[in-house]
Engineer: 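Can you keep this structure in mind? I'll have questions shortly.
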Amino acid sequence: MARAAPQYHGQATPMDLRQQMQQQQQLHHLQQQQLHLQQQKPVPVSHQMQQPPVQHQPLPVQQQTPQPQPNNLQGKKERSPFVRGQRVRLKSGEVNYQLSGPRNGALVVCIHGLNGSISSFASLVPALCQAGLRVLCFDLYGFGLSAASWGRLDLDKYVEQVYRLLEALEIPQTQRVSILGFSMGGVIAVEFVNRFPERISRLLLVAPGGLMKVSATPCRPLLFGCLRKRWGGSLTSLATLLACCCSFCVRRFMGTGDKLGNRFQPDVREPSKFREQSRLNGERFLWNVPRSVNSYLRVLQRIPLWEDDFEESYLRLAQGKVPVLLLWGDSDCTVPLGECGWKVQNILGPTGASLIKVPEAGHGLLLEDATEVGNIASAWFSESADPAWLQFLHAWRILPPSAAPPAPATMGHSSV
């Protein structure tokens, strides 16, 4: 039998220390022999019986620690500033989406704006779900975590994306759905309603595009003189190539933290309250600079955000039977109501539609005025019969240009 390991019981003599050193050397020799035999052949039983208790000691630490994965395998899933939902592969690539709320609830499809993503509706979805609605949010092609589809990013592409997504999620064609379109998403929503009116229950347009004036557009010569001309594709390719080569310089120039956030402030009354959101907007742009630049320019090249290109579609919407509600911040600097209001009155006034103005709200009203927007959207999509809601809705009916504007109305949180 092997001798037990010595234990210390007070002050040791030189003889004791010498014996301990000899025993430690023997123990180390046995350990090395054991490891060698385990690598060559099974250890005989007789030898195992002569082994000291150290046979159960663990292997050296460096043999137990798993090897770290290369950095390139720790992909952008963990570092992505975008909301990662579920994935479904459609004809033009993968689509990132979130489906929330009760399965038996009326479905509301939310379409975000330019450079938006699923997170554009993060403050709105809980209110809609609480009202018993089922909410579908997704990233348009080229934005968020959806595929950057080849070819044109135009209305045909995005209308098909909505149609194929509903099809992939097995939403019956006989089931009517409601649509919420925000900013550029309003243009896509209007076009989808015009093409598939039999599938739509209600439409809510929040500060929609499609009626802006060309004369009031910033960078008009570059946008309409170059990008939206025949050589716009070459300009987009050149800008994307420069973005690939200069991504590092762009990131250094943009900075981080508050410096980055100051460059991506949303259009809200009090930007200081949304510094984190501003920083996230910047991080989302810088996450993949070439993709951000490419998608942004491809959309501006093809999507009809101005009245010259899209007024006809609003006229077709007015001739249809789908109920329409518009929601706008009266201090919107991105899609100014003062620039589009006259067209809205002329086109949608005769239909009995309502246009609700949120006082002092900018284009970021989904963020800053989320509670009020949530109350309005929930009442609209759930077809509330609450007298207070119906009275509020009637007070904001669009009147012809010759009539006096509606009296200001407010709606408390308890009225819907």
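Along the sequence shown, the residues carry numbers beginning at 1. Just so we're clear, the structure is a prediction, and the values are computed from it rather than from any experiment. As a basis for the values below, the full set of heavy atoms in this structure was taken, side chains included, without hydrogen atoms, waters or symmetry mates.
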Engineer: Give a yes or no answer on whether the side chain of Arg134 reaches the backbone of Cys129 with a donor-acceptor pair at less than 3.5 Å.
Structural biologist: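 No, Arg134 side chain to Cys129 backbone: no donor-acceptor pair under 3.5 Å.
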Engineer: What's the shortest heavy-atom distance between Val289 and Ser247, and which atoms?
Structural biologist: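 Nearest pair, atom of Val289 first, then Ser247: CB-OG, 3.9 Å.
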Engineer: Taking side-chain contact (heavy atoms from CB on, under 4.5 Å) as the test, write out the residues that go with Asp332, two or more places apart.
Structural biologist: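 Only Ala207, Asp267, Trp328, Thr334, Val335, His363 meet the side-chain contact (heavy atoms from CB on, under 4.5 Å) criterion with Asp332.
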Engineer: Distance-only, no hydrogens or angles: does the Ser295 side chain make a donor-acceptor pair with backbone N or O of Gly142 under 3.5 Å?
Structural biologist: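 Side chain of Ser295 to backbone of Gly142: a pair is present.
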Engineer: Among Met184, Arg152, Glu191, find the one that has a side-chain contact (heavy atoms from CB on, under 4.5 Å) with Ile303.
Structural biologist: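 Among Met184, Arg152, Glu191, the one that satisfies the side-chain contact (heavy atoms from CB on, under 4.5 Å) with Ile303 is Met184.
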Engineer: If only atom types and distance count, is the side chain of Gln345 paired as donor or acceptor with the main-chain N or O of Ile398 below 3.5 Å?
Structural biologist: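 No, because the side chain of Gln345 does not come within donor-acceptor range (under 3.5 Å) of the backbone of Ile398.
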Engineer: In sequence, state the C-alpha distance, the side-chain angles, and the governing distance for Glu167 and Arg164, and then conclude on salt bridge (charged side-chain N to carboxylate O under 4.0 Å, His left out).
Structural biologist: CA-CA 5 Å; Glu167 185 179 57; Arg164 297 298 181 189; 3.1 Å; yes
Engineer: What heavy-atom pair brings Gln265 and Ser278 nearest, and what distance separates the two atoms?
Structural biologist: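 Closest pair (atom of Gln265, atom of Ser278, distance): CA-OG, 3.6 Å.
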Engineer: Which pair of heavy atoms, one from Gly144 and one from Ser117, lies closest together, and at what distance?
Structural biologist: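 That would be CA-CB, 4.1 Å.
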Engineer: Heavy-atom count around Arg87 CZ within 6.0 Å, excluding the residue itself: above 12?
Structural biologist: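 Atom CZ in Arg87 is packed in, count exceeds 12.
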Engineer: Is there a donor-acceptor pair under 3.5 Å between the side chain of Asp154 and the backbone N or O of Lys157?
Structural biologist: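 Pair found, side chain donor or acceptor close to backbone of Lys157.
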Engineer: With under 30° as parallel and over 60° as perpendicular, where do the rings of Phe182 and Phe121 fit, or are they tilted in between?
Structural biologist: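 The arrangement is perpendicular - the two ring planes meet at more than 60°.
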Engineer: With a 6.0 Å cut-off (strictly less than), is the heavy-atom count around OH of Tyr296, excluding the residue itself, greater than 12?
Structural biologist: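 No, because the 6.0 Å sphere around OH of Tyr296 holds 12 heavy atoms or fewer from other groups.
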Engineer: Trp287 vs Phe82 aromatic rings, parallel, tilted or perpendicular, using cut-offs 30° and 60°?
Structural biologist: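 Perpendicular, since the angle between the ring planes exceeds 60°.
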Engineer: Any idea which heavy atoms bring Phe274 and Pro266 closest together, and the distance?
Structural biologist: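 Of all heavy-atom pairs spanning Phe274 and Pro266, the closest is CB-CG, 4.4 Å.
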Engineer: Looking at Gly261, is its backbone amide N or carbonyl O close enough to the side chain of Arg279 to form a donor-acceptor pair, meaning the two atoms are under 3.5 Å apart?
Structural biologist: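 Side chain of Arg279 to backbone of Gly261, a donor-acceptor pair under 3.5 Å: no, none is there.
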Engineer: Do you know which two heavy atoms are closest between Ala377 and Leu128, and how far apart they sit?
Structural biologist: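 So the two residues come closest at CB-CD2, 3.8 Å.
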Engineer: For the side chain of Asn294 and the backbone of Thr240, is there at least one donor-acceptor N/O pair under 3.5 Å apart?
Structural biologist: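 Judged by distance alone, no pair lies under 3.5 Å.
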Engineer: Has Arg263 got a side-chain atom pairing as donor or acceptor with Gly282's backbone, closer than 3.5 angstrom?
Structural biologist: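 Judged by distance alone, no pair lies under 3.5 Å.
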Engineer: Applying side-chain contact (heavy atoms from CB on, under 4.5 Å), run through Ser80 and Leu145 and close with a yes or a no.
Structural biologist: CA-CA 9 Å; Ser80 169; Leu145 296 177; 3.6 Å; yes
Engineer: Does any non-hydrogen side-chain atom of Leu166 lie less than 4.5 Å from one of Phe192?
Structural biologist: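 Sidechains of Leu166 and Phe192: in contact.
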Engineer: Going by heavy atoms in the side chains, are Tyr314 and Lys343 under 4.5 Å from each other?
Structural biologist: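 Tyr314 does not reach Lys343 side chain to side chain.
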Engineer: To the nearest 0.5 Å, tell me how far Tyr97 OH sits from Gln86 CD.
Structural biologist: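 So the OH of Tyr97 and the CD of Gln86 are separated by 4.0 Å.
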Engineer: Look up atom CG in Leu205 and atom CG in Leu180, then write down how far apart they are to the nearest 0.5 Å.
Structural biologist: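 Answer for the CG-CG pair, Leu205 versus Leu180, is 8.0 Å.
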Engineer: Using modelled atom types and a 3.5 Å cut-off, is there a donor and acceptor pairing between side-chain atoms of Asn194 and backbone atoms of Gly320?
Structural biologist: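 The answer is no, because no donor-acceptor pair under 3.5 Å joins these two groups.
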Engineer: Give me the atom names and distance for the closest heavy-atom approach of Gly210 to Val187.
Structural biologist: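 Gly210 and Val187 have their closest heavy atoms at N-CG2, 3.7 Å.
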Engineer: Checking the side chain of Ser146 only, and the main-chain atoms of Val95 only, is there a donor and an acceptor separated by less than 3.5 Å?
Structural biologist: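 Between the backbone of Val95 and the side chain of Ser146 there is no qualifying donor-acceptor contact (under 3.5 Å).
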Engineer: Of the options Leu305, Leu155, Leu315, which is the one that meets Phe310 in a side-chain contact (heavy atoms from CB on, under 4.5 Å)?
Structural biologist: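 Of Leu305, Leu155, Leu315, side-chain contact (heavy atoms from CB on, under 4.5 Å) with Phe310 is met by Leu155 alone.
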Engineer: Taking only distance into account, with no hydrogens and no angle test, what donor-acceptor pairs under 3.5 Å do side-chain atoms of residues 170-179 form with protein atoms, sequence neighbours excluded?
Structural biologist:
from	atom 1	to	atom 2	distance (Å)
Gln173	NE2	Tyr163	OH	2.9
Arg176	NH1	Ile200	O	2.6

Engineer: Is any side-chain heavy atom of Cys137 closer than 4.5 Å to one of His112?
Structural biologist: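 Counting from C-beta outward, His112 and Cys137 never come under 4.5 Å.
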